[in-house]
Enquirer: 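Sharing a structure here in structure tokens format.
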Amino acid sequence: MPEIVTRFAPSPTGYLHIGGARTALFNRLFARRNGGKFLLRVEDTDRERSTPEAVKAILEGMTWLGITWDEGPYFQTERMELYLKEAGRLVAEGKAYRCVCTPGELEVRRKAAREKGEKPHYDRRCRDLPPGDTEGKPSVVRFRAPLSGTTSVHDLLRGDVVYENGELDDLVLLRTDGSPTYNFVVVVDDATMGITHVLRGDDHLNNTPRQILLYEALGYPLPSFGHFPLIHGKEGGKLSKRQDDVSVTAYRDRGFLPEAMINYLVRLGWGHGDQEIFSVEELQGIFSLESVGKSPSRFDPEKLQNVNAHYIKTGDPQRLSALLVPFLARRGIEAESSPWLAKVVRTFQERSKTLEEMAESAEYYFRRKDPDPKSAEKFLTPETAPLFEEIARELGGLPDFTPAAMEPVFQRAAEKRGAKLGKVAQPVRVALTGGTVSPGIFEVMDVLGRDEVVERLTAAAGRIRERSAG
RNA sequence: GUCCCCAUCGUCUAGUCUGGCCAAGGACACCGCCCUUUCACGGCGGCGACCGGGGUUCAAAUCCCCGUGGGGACGCCA
């Protein structure tokens with residue numbers, strides 16, 4: 001069996017978006033699963049809209065997700081000679097012709113056709129013009145497509161889809177400026193790069209019969225095709241920049257983990273029994289096209305969050321601490337990855353859905369915060385001043401400043417006052433963190449360290465006395 | 001409008017190919033209860049779907065047809 005070769009072929013007109021990322025992922029998974037190669041090709045024939053920044057952004061997104069490629073990136077702008085040569089061949093063989101219709105004329109005719117309720121395609125009026133008539137005039141090269149018969153696409157996911165050739169169009173192969181168009185270069189590239197499986201979004205299904213005709217005209221062997229259902233946004237319909245966050249790196253910047261993104265993406269349109277959590281390694285062993293669904297799926301940020309929470313919960317604290325650093329920096333906190341920061345992370349792993357959220361809730365570990373007024377009013381009452389002083393004193397005398405050693409201190413303080421532990425813990429929490437929500441109070445103290453705890457408690461007691469005196 | 005694709009809880013899906021094990025399973029979200037020093041985590045429970053209609057069959061979520069709905073494509077974009 002010949003080696004399987006798949007590809008991802010984005011056009012560099014923006015960021016790597018969710019849909020593209022999933023297409024890339026499926027392509028790579030499929031190649032890996034079958035011991036084949038996955039390559040990356042940048043479709044930049046549209047010079048107007050392609051930018052180097054977009055190329056960079058796409059590669060960055062891919063790299064972040066860990067979707068590595070075995071070959072490339074190839075750039076179509078570097079392969080122009082090939083396309084021109086192949087187009088010339090088609091013209092020479094009479095399989096393509098020059099058309100002198102202008103974009104304006106075509107636009108008018110399309111509109112008219114649509115109004116008449118017809119499919120608005122090219123009326124082929126230049127198809128049989130004598131060669132002399134096009135000489136010296138600006139012209140495009142069009143494919144001479146068959147007028148009758150049918151073309152069927154043997155789609156790996158959908159089965160055979162049959163098109164009337166009459167429905168298809170005489171595609172433009174080369175523009176007036178001589179540059180080649182998508183439907184043409186994609187065929188030349190996929191064929192010459194030895195792509196065996198063209199797996200892409202459903203929006204290309206209708207292009208496939210035209211491309212098949214080109215394969216045949218050019219004498220190329222046909223690859224297998226497979227079209228994935230699209231990913232829809234909140235409002236249904238394909239993801240839009242307006243209403244949905246479509247850029248992969250935007251999720252990175254909001255504190256999502258790449259493995260969570262991958263895991264979420266792979267489950268969108270693909271399933272493996274009841275399993276929800278998959279590692280990439282595992283996916284490479286079990287991914288199959290047969291279990292890719294046929295209907296579009298809606299992108300659900302809440303489920304993504306849930307998956308992300310899972311990976312944060314189970315992730316290595318040391319690694320997470322390194323990833324957390326930029327999020328802290330954004331809040332003006334300079335920190336570096338360290339065993340201590342890993343300890344900070346540990347206290348939040350079970351309560352953070354994103355790294356951004358973690359950085360936000362971790363602020364009080366780095367700076368003393370004024371207590372939130374509501375919490376202060378409720379918990380920093382006059383009788384807590386002696387409590388804080390008592391606890392500070394006892395903690396100061398502890399041989400080991402460990403959670404196990406701290407607990408009896410709090411138990412005693414509670415018992416002495418005939419109260420439950422919460423009566424003591426909650427005011428201390430406010431004194432230490434400025435609010436009523438935090439990890440376990442002993443964990444917090446453990447991270448803060450004895451000196452800081454004692455200082456914060458003493459300071460809080462001082463403020464309370466001051467206030468009740470004044 | 002024309003062509004093409006699709007159709008199970010609000011969402012992601014299992015089940016559909018190979019009809020019976022499905023009075024339809026799991027996950028997210030939501031709601032309750034439990035655990036508990038707060039918030040979470042976790043545990044338990046609840047809510048909640050086979051788009052409609054015809055057929056085929058002893059039997060249909062599963063096969064067929066027709067509707068309906070949703071989506072995509074109709075470019076000198078990709």
Side-chain angles (χ1 to χ4, degrees), chain A residues 9-13 43-46 48-50 99 101-103 106-107 110 113-122 138-142 153 155 157-159 161-164 167-169 171-177 179-183 185-186 200-209 227 229-230 232 234 236-238 264 267-277 290-291 293-300 302-307 309 313 348-353 361 375 379 407 410 414 420-430 433 435-442:
Chain A
S11 60
T13 54
E43 311 234 315
D44 55 354
T45 52
D46 182 0
E48 303 271 298
R49 300 197 304 158
S50 301
C99 165
C101 299
T102 66
L106 295 172
E107 182 57 35
R110 263 197 296 271
R114 197 180 288 253
E115 271 160 17
K116 273 197 290 180
E118 288 164 10
K119 191 164 181 137
H121 52 204
Y122 178 57
S139 63
V140 299
V141 171
R142 277 186 190 275
V153 179
D155 191 278
L157 279 87
R158 292 164 205 289
V161 184
V162 182
Y163 293 83
E164 292 289 333
E167 286 293 329
L168 277 17
D169 223 338
L171 292 172
V172 170
L173 268 25
L174 298 182
R175 303 183 179 95
T176 308
D177 68 2
S179 65
T181 58
Y182 165 76
N183 275 299
V185 294
V186 78
R200 77 250 277 204
D202 229 356
D203 45 349
H204 287 295
L205 182 57
N206 288 324
N207 283 145
T208 309
H227 292 88
L230 265 21
H232 286 180
K234 258 269 162 278
K238 46 187 206 176
Y264 177 70
R267 283 284 293 107
L268 223 44
W270 177 86
H272 187 72
D274 285 342
Q275 192 173 342
E276 296 285 347
I277 299 300
E290 290 76 49
S291 16
K294 292 179 179 179
S295 50
S297 37
R298 205 172 280 218
F299 183 77
D300 180 7
E302 299 218 306
K303 184 138 186 177
L304 205 212
Q305 273 217 338
N306 175 271
V307 176
K313 208 181 308 169
F348 284 119
Q349 279 182 281
E350 290 200 334
R351 40 203 119 220
S352 303
K353 294 195 187 306
S361 26
S375 312
F379 292 106
E407 187 161 358
F410 278 64
K420 288 199 168 187
L421 192 57
K423 280 283 181 201
V424 177
Q426 206 55 353
V428 169
R429 174 171 284 115
V430 175
T433 70
T436 54
V437 173
S438 86
I441 195 65
F442 306 129

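Letters go in sequence order (proteins before strands), and every chain restarts at 1.
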Enquirer: Taking the side chain of A:K313 as heavy atoms from C-beta outward, which of B:rC41, B:rG75, B:rA78 is closest to it?
Expert: B:rC41

Enquirer: Please give the distance between the C1' atoms of B:rA61 and B:rU8 as a whole number of Å.
Expert: 7 Å

Enquirer: A:S179 and A:R175: side-chain donor and acceptor closer than 3.5 Å?
Expert: yes

Enquirer: Is the base of B:rA78 touched by the side chain of A:D203 through a donor-acceptor pair closer than 3.5 angstrom?
Expert: no

Enquirer: State the CG-CZ distance between A:L230 and A:R298, to the nearest 0.5 angstrom.
Expert: 13.0 Å

Enquirer: For nucleotides B:rA24 and B:rC9, find the distance between their P atoms and express it as a whole number of Å.
Expert: 14 Å

Enquirer: Going from CG on A:L168 to OH on A:Y163, what distance comes out if it is rounded to the nearest 0.5 angstrom?
Expert: 8.5 Å

Enquirer: The side chain of A:V140 is closest to which nucleotide in this list: B:rC12, B:rC76, B:rU2?
Expert: B:rC76

Enquirer: Supply the atom-to-atom distance A:E407 CD to A:F442 CZ, rounded to the nearest 0.5 angstrom.
Expert: 4.5 Å

Enquirer: Considering every strand and a 4.0 Å limit on heavy-atom distances, what is the contact class for A:R49: base, sugar-phosphate, or nothing?
Expert: base

Enquirer: With a 3.5 angstrom cut-off on both distances, give the Watson-Crick or G-U wobble partner of B:rC22, or none if there isn't one.
Expert: none

Enquirer: Does B:rA27 have a Watson-Crick or wobble mate here (both distances under 3.5 Å), and if so which one?
Expert: B:rU11

Enquirer: Find the distance A:D169:CG to B:rA73:P and express it as a whole number of Å.
Expert: 16 Å

Enquirer: Roughly, in whole Å, what's the span from OH in A:Y182 to P in B:rC77?
Expert: 14 Å

Enquirer: Could you tell me whether A:S297 contacts a base, only the sugar-phosphate backbone, or nothing, with contacts defined as non-hydrogen atoms closer than 4.0 Å?
Expert: sugar-phosphate

Enquirer: Rounded off to whole Å, could you give me the CG-to-P distance for the A:D300 and B:rC28 pair?
Expert: 11 Å

Enquirer: Within the 4.0 Å heavy-atom criterion, would you say A:H204 contacts the bases, only the backbone, or no part of the nucleic acid?
Expert: base

Enquirer: Using a heavy-atom cut-off of under 4.0 Å over every strand shown, decide if A:E276 touches base, sugar-phosphate, or nothing.
Expert: base

Enquirer: Within this structure, what is the CZ-to-C1' distance between A:R267 and B:rG26, rounded to whole angstrom?
Expert: 9 Å

Enquirer: What is the distance, rounded to the nearest whole Å, between atom CD1 of A:I277 and atom C1' of B:rU13?
Expert: 14 Å

Enquirer: For the pair made of CD in A:E302 and P in B:rG10, what is the distance, rounded to whole Å?
Expert: 16 Å

Enquirer: Between A:Y264 and A:D300, do the side chains contain an N or O donor and an N or O acceptor separated by less than 3.5 Å?
Expert: no

Enquirer: Which of these nucleotides, B:rA7, B:rC3, B:rC76, is closest to any side-chain atom of A:Y163?
Expert: B:rC3

Enquirer: State which of B:rG26, B:rG72, B:rC3 makes the closest approach to the side chain of A:D274.
Expert: B:rG26

Enquirer: Under 3.5 Å for both donor-acceptor distances, Watson-Crick or wobble: does B:rG75 have a partner, and if so which one?
Expert: none

Enquirer: Tell me whether the side-chain N/O atoms of A:R110 come closer than 4.0 Å to OP1 or OP2 in B:rG1.
Expert: no

Enquirer: Return the nucleotide paired to B:rC39: Watson-Crick means purine N1 to pyrimidine N3 with N6-O4 or O6-N4, wobble means G-U with N1-O2 and O6-N3, both under 3.5 Å.
Expert: none

Enquirer: What integer distance in Å separates A:K353:NZ from B:rA29:C1'?
Expert: 10 Å

Enquirer: Could you please name the option among B:rA40, B:rA73, B:rC5 that lies closest to any side-chain atom of A:D202?
Expert: B:rC5

Enquirer: So, does the side chain of A:R351 form a donor-acceptor pair with the base of B:rC39 at under 3.5 Å?
Expert: yes

Enquirer: Between B:rA29, B:rG26, B:rA7, spot the one nearest the side chain of A:K303, thanks.
Expert: B:rG26

Enquirer: Between A:T13 and A:G440, just flag the one whose closest nucleotide in RNA chain B comes earlier from the 5' side.
Expert: A:G440

Enquirer: Output the distance between atom CG (A:L171) and atom NE2 (A:H121), rounded to the nearest 0.5 Å.
Expert: 11.5 Å

Enquirer: Can you tell me how far P in B:rA49 sits from the matching atom in B:rC12, rounded to whole Å?
Expert: 16 Å

Enquirer: So what does A:T176 hit on the nucleic acid, given a heavy-atom distance under 4.0 Å: a base, only sugar-phosphate, or nothing?
Expert: base

Enquirer: Any base atoms under 4.0 Å from A:C101, or only sugar-phosphate, or nothing? Heavy atoms, all strands.
Expert: base

Enquirer: Look at all strands and tell whether A:P439 reaches a base, only sugar-phosphate, or nothing, counting heavy atoms closer than 4.0 Å.
Expert: base

Enquirer: Compare the minimum distances between each of B:rC28, B:rU38, B:rA73 and the side chain of A:N306, then state the nucleotide with the smallest one.
Expert: B:rC28

Enquirer: Between B:rA73 atom C1' and A:L171 atom CG, what is the distance in whole Å?
Expert: 13 Å

Enquirer: Using a heavy-atom cut-off of under 4.0 Å over every strand shown, decide if A:I441 touches base, sugar-phosphate, or nothing.
Expert: base

Enquirer: Map A:L230 and A:L205 onto RNA chain B by nearest heavy atom, then report which one ends up closer to the 5' terminus.
Expert: A:L205

Enquirer: Between CD of A:Q426 and CD1 of A:I441, what distance do you get to the nearest 0.5 Å?
Expert: 8.0 Å

Enquirer: Could you give the distance from CZ (A:R142) to CG (A:L174), rounded to the nearest 0.5 Å?
Expert: 12.0 Å

Enquirer: Determine: side-chain N/O of A:T45 to OP1/OP2 of B:rA78, distance under 4.0 Å, yes or no.
Expert: yes

Enquirer: Could you check which of B:rA7, B:rG1, B:rA40 has an atom nearest any side-chain atom of A:K294?
Expert: B:rA7

Enquirer: If you only use heavy atoms from C-beta on, which nucleotide in B:rU37, B:rC12, B:rA73 is closest to the side chain of A:R429?
Expert: B:rU37

Enquirer: How far does the P atom of B:rG48 sit from the matching atom of B:rU38, given to the nearest Å?
Expert: 33 Å

Enquirer: Give the nucleotide from the list B:rA78, B:rA27, B:rC6 with an atom nearest to the side chain of A:P296.
Expert: B:rC6

Enquirer: A:G201 near the nucleic acid: base, sugar-phosphate alone, or nothing, with a heavy-atom cut-off under 4.0 Å?
Expert: nothing

Enquirer: Carefully, step by step, assess A:E276 and A:K303 under the rule side chain to side chain contact (heavy atoms under 4.5 Å, CB included).
Expert: CA-CA 11 Å; A:E276 296 285 347; A:K303 184 138 186 177; 3.4 Å; yes

